[in-house]
Structures are given as C-alpha cells and as structure tokens.
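Scope of the values below: all heavy atoms of this structure, side chains included, with no hydrogens, waters or symmetry mates. Position 1 is the first residue of the sequence; numbering continues from there. Small disclaimer: the values here were computed from a predicted structure and weren't measured.
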Amino acid sequence: SIASSPLAPHQIFSTGGIHYGFQFHPEADSTIVSIWERKADQAYQRSDQPKDLVATVNENMEALQATWKPVIKRWGDLVMQQLSLRPEQP
C-alpha cells in the first residue's frame, strides 16, 4: 500500500509497473462534488462528510491541485513512456 487511512488501509496501491489503484477521486473538483451532494447515495448520506463539502473543496482547491496535479502528471508521463517503448502494432 502506498497510502492508507484508518478507514481504508489501501488508499493507493500498485499492482506493478504503471498500474495503480485509487480509493478516492483526485480529479474531483467542486462541480463533481456538487453533483455527488445532489445525488447522494446512502453511503454518502450516512458518512461523516460535512453536508456542504463543496465549500470545503472550494476553500482547499489550490492545495488539492498543488498536491495531485504533479502526481497525475508524473503517472501520465510514465504511461506515455511505456507506450513509446511498445512495438508498432500492424
């Protein structure tokens, strides 16, 4: 496990090479979170999430982007590097 939390021991994990699993959504911005809040499933409704998570995301968007943008860019660079090493397909 690359990252963990008390509720999920495998927040980020690798299965080898460029294959990673995420148990969260680094791509989620306030627009996406707003949709989640409007169309909340039972798990979200029962969670300890603040009821106005959109405001929290907006307040922290700069820090969220500063954290996740380099990680996702690096992963994308690794994917592109691996693709460039593959032989041409007929």
Side-chain angles (χ1 to χ4, degrees):
S1 182
I2 297 169
S4 63
S5 75
L7 295 176
H10 306 291
Q11 286 285 314
I12 304 174
F13 57 93
S14 174
T15 60
I18 58 173
H19 307 279
Y20 293 88
F22 291 82
Q23 295 284 29
F24 55 93
H25 295 273
E27 80 285 1
D29 60 10
S30 60
T31 301
I32 293 170
V33 172
S34 175
I35 293 167
W36 291 346
E37 287 184 338
R38 283 194 319 270
K39 298 182 178 189
D41 62 14
Q42 289 181 4
Y44 184 87
Q45 291 171 2
R46 288 190 311 256
S47 73
D48 291 334
Q49 295 296 329
K51 296 309 172 203
D52 188 13
L53 193 54
V54 171
T56 303
V57 170
N58 281 331
E59 290 169 13
N60 293 286
M61 199 65 208
E62 189 174 318
L64 290 167
Q65 287 178 337
T67 299
W68 288 110
K69 196 171 190 176
V71 173
I72 293 170
K73 181 179 182 331
R74 177 68 179 131
W75 174 74
D77 291 345
L78 289 170
V79 169
M80 294 306 292
Q81 181 184 11
Q82 289 292 317
L83 289 173
S84 72
L85 298 175
R86 289 185 177 179
E88 288 286 324
Q89 297 291 322

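Between Val54 and Glu37, the shortest heavy-atom contact is CG2-OE1, 3.3 Å. Nearest heavy atoms, Ala66 versus Pro70: O-CD, 3.2 Å. Of all heavy-atom pairs spanning Gln11 and Ser5, the tightest one is NE2-OG, 3.4 Å. The shortest heavy-atom contact between His10 and Gln23 is O-CG, 3.0 Å. Heavy-atom minimum distance, Val57 versus Val33: CG2-CG2, 3.9 Å. Contact record, Ser4 with Pro9: CB-O, 3.1 Å, taken as the closest heavy-atom pair.
Note that CZ of Arg74 is 11.5 Å distant from CD1 of Ile18, once rounded to the nearest 0.5 Å. The distance from atom CG of Leu53 to atom CD1 of Ile32, rounded to the nearest 0.5 Å, is 12.0 Å. We find the OG-CG distance between Ser30 and Asn60 to be 11.5 Å, quoted to the nearest 0.5 Å.
Counting heavy atoms from C-beta on, the side chains of Ile72 and Pro26 come closer than 4.5 Å.
Met61 CE: more than 12 foreign heavy atoms inside a 6.0 Å radius. Residue Glu27 qualifies as enclosed at atom CD: its count of foreign heavy atoms under 6.0 Å is above 12.
The six-membered or imidazole ring of Trp75 lies away from that of Phe22, with a centre-to-centre distance of 6.0 Å or more.
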Taking it one step at a time, do Ile2 and Tyr20 satisfy side chain to side chain contact (heavy atoms under 4.5 Å, CB included)?
CA-CA 10 Å; Ile2 297 169; Tyr20 293 88; 3.6 Å; yes
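Residues passing the side-chain hydrogen bond (donor to acceptor under 3.5 Å, both in side chains) test with Asp77, sequence neighbours excluded: Lys73.
Clustering ILVMFWY residues whenever any of their side-chain heavy atoms sit less than 4.5 angstrom apart, transitively, puts Trp36 in the very cluster that holds Leu64. Hydrophobic clustering of Ile, Leu, Val, Met, Phe, Trp and Tyr side chains at less than 4.5 Å, counting indirect connections, unites Val79 with Ile12.
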